[in-house]
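For reference, the structure is listed below as structure tokens.
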Protein chains: 2
Amino acid sequence: MPTYSISDVSKRYHLPQTTLRYYEDLGLLYDVPRRGNHRVYNDAHLARLSAICCFKNTGMTLSELQTLFSYDEHSADLDKIIDLLDRHCREVDEKLRILEQNHRQIKRKRQFYEDIRTARETHQPLPKWADYKITDF
Amino acid sequence: MPTYSISDVSKRYHLPQTTLRYYEDLGLLYDVPRRGNHRVYNDAHLARLSAICCFKNTGMTLSELQTLFSYDEHSADLDKIIDLLDRHCREVDEKLRILEQNHRQIKRKRQFYEDIRTARETHQPLPKWADYKITDF
DNA sequence: ATACCACTTCAAGTTAACTTGAAGTAAAGA
DNA sequence: TCTTTACTTCAAGTTAACTTGAAGTGGTAT
């Protein structure tokens with residue numbers, strides 16, 4: 001069974017070592033054994049860290065993560081887990097929808113300013129922002 | 001030309017009035033006239049606020065927004081504007097990619113726990129997480 | 001006119017998520 | 001063995017983005 005030092009994990013997940021220790025302080029990562037006083041991680045820790053990053057990336061706070069991880073999937077808590085995942089899933093749906101919309105808007109802005117530059121270089125009439133806004137609705 | 005009170009704007013954009021004043025302190029919203037000492041907003045302010053929300057939503061910090069808004073689109077700053085928008089656009093691309101991936105992962109997790117519940121209710125063998133992870137890569 | 005209530009300013013406080021500093025320990029290489 | 005370097009703990013500090021509190025002002029309904 002492969003093991004990893006804190007600097008291995010830090011590099012692999014692009015997280016500072018202090019953050020890994022911080023997550024352990026919060027109880028998000030636990031049962032990390034030590035060789036001497038150095039942390040030794042295994043694949044189970046990495047899997048859990050992946051989950052932490054996934055939930056955090058999608059807007060869950062660390063304290064919500066503490067709540068989620070406090071539920072025992074082998075008990076009646078299962079319903080709470082499913083509920084929370086369901087709610088979070090719908091939140092991420094909405095986030096995606098809005099992010100895509102914002103993305104299109106930013107692309108339009110970029111296009112608008114590029115067209116201004118081109119028009120200036122070629123001494124053409126400047127574009128109007130009103131002509132760019134239409135496409136979304 | 002329609003005008004709006006701070007409470008109108010606050011409701012329409014789901015932002016507390018304090019946040020609108022805060023953005024004005026930062027110089028992100030400016031030239032907001034007063035009737036007596038009450039702020040009076042117009043459509044140009046709303047358009048600017050939309051832009052602020054769009055950029056903020058997509059991960060730009062308020063200080064980056066200050067920088068962007070400090071550029072004068074009628075001067076040679078145009079290149080800087082296009083550069084910044086271009087860079088931001090690519091960042092949002094990447095954000096979207098990761099968010100979609102995370103979204104799929106969360107859906108799988110939800111499905112996994114739902115299948116556990118079903119398996120328990122029907123006294124079937126429990127699913128294994130390994131069978132859910134495959135689909136992404 | 002008057003009373004109310006939404007607005008105003010400005011300084012200080014809050015929160016989440018780290019990050020840094022100081023002081024100590026121990027694994028790994030010469 | 002010795003030294004270097006990467007780790008350790010724990011408390012305190014930082015940052016962004018607001019938010020709150022206190023004290024005052026003025027538009028609007030009666």
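We name chains A, B, ... by the order of the sequence lines, and we start the count at 1 in each one.
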field: Candidate list E114(A), Q111(A), K109(A), test side-chain contact (heavy atoms from CB on, under 4.5 Å), partner L85(B), passing option
entry: K109(A)
field: Qualifying residue for side-chain contact (heavy atoms from CB on, under 4.5 Å) with Q105(A), from H103(A), Q101(A), R108(A)
entry: R108(A)
task: Using modelled atom types only, decide if a donor and an acceptor are shared between the side chain of T3(B) and the backbone of V40(B) within a distance under 3.5 Å.
output: no
message: Looking at R12(B) and D8(B), is there a salt bridge between them, counting it only when a charged N and a carboxylate O are closer than 4.0 Å?
response: no
message: Using OP1 and OP2 only, check whether a side-chain N or O of Q17(A) sits under 4.0 Å from dA6(D).
response: no
E24(B) with R34(B): basic N within carboxylate O range, under 4.0 Å: yes
Shortest non-hydrogen contact between Y71(A) and L84(A), atoms and distance: CE1-CD1, 3.8 Å
Donor-acceptor pairs are to be reported for all side-chain atoms of residues 48-65 of chain B against protein atoms at under 3.5 Å, with residues two or more places apart or in another chain.
{"unit_1": "R48(B)", "atom_1": "NH1", "unit_2": "L28(B)", "atom_2": "O", "d": "2.9"}
{"unit_1": "R48(B)", "atom_1": "NH2", "unit_2": "Y30(B)", "atom_2": "OH", "d": "3.4"}
{"unit_1": "S50(B)", "atom_1": "OG", "unit_2": "Y13(B)", "atom_2": "OH", "d": "3.0"}
{"unit_1": "S50(B)", "atom_1": "OG", "unit_2": "L46(B)", "atom_2": "O", "d": "3.1"}
{"unit_1": "N57(B)", "atom_1": "ND2", "unit_2": "C53(B)", "atom_2": "O", "d": "3.3"}
{"unit_1": "T58(B)", "atom_1": "OG1", "unit_2": "C54(B)", "atom_2": "O", "d": "2.9"}
{"unit_1": "T58(B)", "atom_1": "OG1", "unit_2": "F55(B)", "atom_2": "O", "d": "2.9"}
{"unit_1": "T58(B)", "atom_1": "OG1", "unit_2": "H88(B)", "atom_2": "NE2", "d": "2.7"}
{"unit_1": "T61(B)", "atom_1": "OG1", "unit_2": "E64(B)", "atom_2": "N", "d": "3.1"}
{"unit_1": "T61(B)", "atom_1": "OG1", "unit_2": "E64(B)", "atom_2": "OE1", "d": "3.3"}
{"unit_1": "E64(B)", "atom_1": "OE1", "unit_2": "T61(B)", "atom_2": "N", "d": "2.8"}

- prompt: What's the CD1-C1' distance between I6(B) and dT9(C), to the nearest Å?
  reply: 12 Å
- prompt: Quick one: ring pair (Phe, Tyr, Trp, His ring centres under 6.0 Å) partners of Y41(A), sequence neighbours excluded?
  reply: H45(A)
- prompt: Reckon R34(B) touches a base, only the sugar-phosphate, or nothing at all at heavy-atom distances under 4.0 Å?
  reply: sugar-phosphate
query: Hey, are R90(A) and D86(A) close enough for a salt bridge, meaning a charged N less than 4.0 Å from a carboxylate O?
result: yes
Short heteroatom pairs, N/O only, protein and nucleotides 11-20 of chain C, under 3.5 Å:
{"unit_1": "dA17(C)", "atom_1": "OP2", "unit_2": "L62(A)", "atom_2": "N", "d": "3.4"}
{"unit_1": "dC18(C)", "atom_1": "OP2", "unit_2": "Y23(A)", "atom_2": "OH", "d": "2.8"}
{"unit_1": "dT19(C)", "atom_1": "OP2", "unit_2": "T19(A)", "atom_2": "OG1", "d": "3.2"}

- line: Under a 4.0 Å heavy-atom criterion, the protein footprint on nucleotides 21-30 of chain C, written with B, S and -, is -----SS---
field: Rounded interatomic separation in angstrom, taking CG from D25(A) and P from dC10(D)
entry: 8 Å
Point-to-point distance, once rounded to the nearest 0.5 Å, from CG of D79(A) to CZ of R117(B): 5.0 Å
message: At 10 degrees resolution, what angle do the end axes of the helix from dA1(C)-dT30(D) to dA30(C)-dT1(D) form when each is taken over five base pairs?
response: 20°
field: Length of the CG-P vector between L20(B) and dA6(C), whole Å
entry: 17 Å
query: R21(A) near the nucleic acid: base, sugar-phosphate alone, or nothing, with a heavy-atom cut-off under 4.0 Å?
result: base
- prompt: Looking at residues at least two apart in the chain, or sitting in another chain, which of them share a salt bridge (charged side-chain N to carboxylate O under 4.0 Å, His left out) with R35(A)?
  reply: none
